[in-house]
Amino acid sequence: MTAPADPVAAPPAPRTEAELLQRAEALGGLSLAELAARFGQSVPRDPVRAKGWFGQLVEVALGATAASLPEPDFQLIGVELKSLPIDARGRPKESTYVCTVPLTDNVGLTWEDSLVRRKLARVLWLPVESAAERPLAERRIGTALLWSPDAEEEDALRRDWEELMDMVCLGELERISARHGTWLQIRPKAADSRALCASTDANGDAALSLPRGFYLRTRFTARLLARHWAGAR
DNA sequence: TATTGATCATGT
DNA sequence: ACATGATCAATA
């Protein structure tokens with residue numbers, strides 16, 4: 001029986017990818033209860049009210065700096081952190097939020113300048129065992145993967161982004177459903193379905209609409225993991 | 001049961 | 001309101 005250790009301070013921002021990866025790999029195998037305790041936190045009791053809890057804990061644990069800014073989490077090295085919930089079959093359970101969809105002042109915006117491209121250019125994926133039956137506290141962190149899209153993936157993501165943003169720029173936001181896009185999709189991203197934000201309608205006039213976000217489909221992250229494992233053999 | 005649309009927490 | 005961190009839960 002060991003006495004509980006004192007909470008540890010959040011580390012400074014990592015200065016290199018290697019430093020970040022080393023820290024992330026050191027988290028592998030830890031339960032969420034263990035990681036929480038390390039930083040003096042307790043595991044939330046109600047999963048409904050714990051959405052995003054783990055992601056924010058890991059930001060602290062790894063020294064992320066972007067907080068709620070529209071930038072990659074590790075600003076110095078341009079790396080985005082994404083936790084990835086894994087089901088009982090070893091595949092991602094959920095789509096992955098990327099960033100907000102710009103609904104105004106977006107004409108002329110290119111893929112190259114887009115936040116989607118900047119965030120997905122370099123991602124540290126951190127898998128977490130998340131089978132429905134497994135309590136939050138008992139879930140374990142998996143092996144971190146530092147990833148960039150290959151040429152084919154980037155091309156497909158760019159085509160999705162261009163198709164979707166074309167519709168947004170034409171004021172066709174209300175026609176866009178989650179069914180559009182091969183790998184990237186646009187879905188609501190709001191407190192509730194009554195939330196409103198500024199947008200532009202088909203006439204180019206100011207309007208109000210439900211805030212939306214870009215998400216990576218589960219199929220994309222599933223393929224990404226499968227490819228990595230295949231390549232590691 | 002996979003997916004879409006809805007929702008919860010925190011900080012500025 | 002808007003950005004981040006996401007998962008929930010009704011529906012197809």
Side-chain angles (χ1 to χ4, degrees), chain A residues 10 24 32 35-36 39 41-75 79-106 114-116 118-120 123-137 139 141 160 164 173-200 206-223:
Chain A
L32 303 200
L35 185 64
F39 290 92
Q41 293 192 26
S42 52
V43 178
R45 292 187 187 81
D46 179 5
V48 172
R49 299 183 177 263
K51 303 175 186 181
W53 169 74
F54 175 64
Q56 302 200 317
L57 174 59
V58 170
E59 286 186 341
V60 173
L62 295 179
T65 54
S68 66
L69 300 175
E71 296 174 35
D73 295 291
F74 301 97
Q75 299 164 296
V79 177
E80 174 71 10
L81 171 65
K82 289 293 177 197
S83 63
L84 195 58
I86 303 297
D87 68 16
R89 295 154 46 190
R91 306 181 71 250
K93 273 178 68 175
E94 288 287 348
S95 55
T96 301
Y97 170 71
V98 180
C99 60
T100 298
V101 178
L103 299 182
T104 58
D105 302 322
N106 47 23
S114 71
L115 191 51
V116 173
R118 281 210 297 137
K119 286 208 173 191
L120 297 184
V123 180
L124 182 71
W125 298 101
L126 195 59
V128 185
E129 285 184 317
S130 302
E133 331 74 69
R134 185 168 308 243
L136 206 50
R139 296 181 180 182
I141 300 172
D160 280 345
L164 292 164
L173 180 64
E174 305 311 322
R175 282 188 47 224
I176 300 179
S177 83
R179 293 166 185 80
H180 290 85
T182 303
W183 302 126
L184 260 189
Q185 62 182 172
I186 284 180
R187 304 219 306 274
K189 174 61 170 169
D192 57 57
S193 62
R194 282 105 56 199
L196 293 172
C197 67
S199 65
T200 306
L208 292 174
S209 52
L210 183 61
R212 315 298 166 100
F214 282 110
Y215 295 79
L216 284 177
R217 292 184 183 280
T218 306
R219 277 174 284 165
F220 183 83
T221 47
R223 195 180 71 150

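Model, not experiment: these values are computed from the prediction. In what follows, chains are A, B, ... by sequence order, proteins preceding strands, each numbered from 1. The basis for the numbers below is simple: all heavy atoms, side chains too, and nothing from hydrogens, waters or symmetry mates.
Between the OG1 atom in A:Thr65 and the CD atom in A:Glu71 there is a gap of 8.0 Å [rounded to 0.5 Å].
Among the heavy atoms of the strands lying under 4.0 Å from A:Arg219 are primed sugar atoms or P, OP1, OP2 only; no base atom is included. Heavy atoms of A:Glu71 sit nowhere under 4.0 angstrom from any nucleic acid atom. Counting any heavy atom pair closer than 4.0 Å across all strands shown, A:Ala191 reaches a base atom. Note on A:Leu57: nothing from the nucleic acid sits closer than 4.0 angstrom, heavy atoms only. A:Lys82 comes within 4.0 angstrom of the backbone, heavy atoms only, and of no base. As judged by a 4.0 angstrom heavy-atom cut-off over every strand, A:Leu115 is placed among residues touching the sugar-phosphate backbone only.
First and last contacts of DNA chain C with chain A, using any nucleotide atom under 4.0 Å from a protein heavy atom and ordered 5' to 3', fall at C:dC2 to C:dA9.
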request  = Step by step, work out the side-chain contact (heavy atoms from CB on, under 4.5 Å) result for A:Ile186 and A:His180.
outcome  = CA-CA 8 Å; A:Ile186 284 180; A:His180 290 85; over 6 Å; no
task = Applying side-chain contact (heavy atoms from CB on, under 4.5 Å), run through A:Leu62 and A:Phe74 and close with a yes or a no.
result = CA-CA 9 Å; A:Leu62 295 179; A:Phe74 301 97; 3.8 Å; yes
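The two residues A:Val58 and A:Leu35 make their nearest non-hydrogen contact at CG2-CD2, 4.2 Å. Shown here for A:Lys119 and A:Glu80, the closest heavy-atom pair between the two residues is O-CB, 3.3 Å. Of all heavy-atom pairs spanning A:Val79 and A:Val123, the tightest one is CG1-C, 4.4 Å.
Judged purely by atom type and a 3.5 angstrom limit, A:Arg49 has no side-chain atom pairing as donor or acceptor with the backbone of A:Pro47. Put simply, the side chain of A:Tyr215 never gets that close to the backbone of A:Trp183: no donor and acceptor are under 3.5 Å apart. A donor-acceptor pair under 3.5 Å links the side-chain atoms of A:Asp160 to the main chain of A:Leu184, judged by distance alone.
Per the geometry, CG belonging to A:Asp192 stands 12 Å off P belonging to B:dA9, to the nearest Å. In this structure, A:Gln56 atom CD and B:dG11 atom P are separated by 8 Å, rounded to whole Å.
Of the two residues contacting DNA chain C, namely A:Leu196 and A:Gly52, the nearest-nucleotide position lying further toward the 5' end is that of A:Leu196. Toward the 5' end of DNA chain C, the nearer of the two residues A:Ala198 and A:Pro85, judged by each one's closest nucleotide, is A:Ala198.
In the set B:dC8, B:dT4, B:dA2, B:dC8 carries the atom at the smallest distance from any side-chain atom of A:Val48.
Checking A:Val43, A:Ile141, A:Leu136 one by one against A:Phe54, the side chain to side chain contact (heavy atoms under 4.5 Å, CB included) holds for a single residue, A:Ile141.
Annotation: A:Asp105, atom CG; neighbour count of heavy atoms from other residues, nucleotides and ligands within 6.0 Å does not exceed 12.
Each end of the helix from B:dT1-C:dA12 to B:dT12-C:dA1 gets its own rotation axis from five pairs of C1' atoms, and the angle between them is 30° to the nearest 10 degrees.
The pair A:Glu129-A:Arg91 does not count as a salt bridge, with every side-chain nitrogen at least 4.0 angstrom from each carboxylate oxygen.
For A:Ala131, the side chain to side chain contact (heavy atoms under 4.5 Å, CB included) partners at least two apart in sequence or on another chain are A:Ala88, A:Glu133.
Heavy-atom distances under 4.0 Å link DNA chain B to no residue of residues 91-100 of chain A. DNA chain B lies under 4.0 Å from at least one heavy atom of each of the following residues of residues 177-187 of chain A: A:Ser177, A:Ala178, A:Arg179, A:Gln185, A:Arg187.
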Check residues 95-103 of chain A and write down every donor-acceptor pair under 3.5 Å in which the side-chain atom is one partner and the other belongs to a residue at least two apart or another chain.
residue, atom, partner, partner atom, Å
A:Ser95, OG, A:Arg187, NH1, 2.9
A:Ser95, OG, A:Arg187, NH2, 3.2
A:Tyr97, OH, A:Thr100, N, 3.1
A:Tyr97, OH, A:Thr100, OG1, 3.3

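At least one side-chain nitrogen or oxygen of A:Arg49 sits closer than 4.0 Å to the OP1 or OP2 atom of B:dA9.
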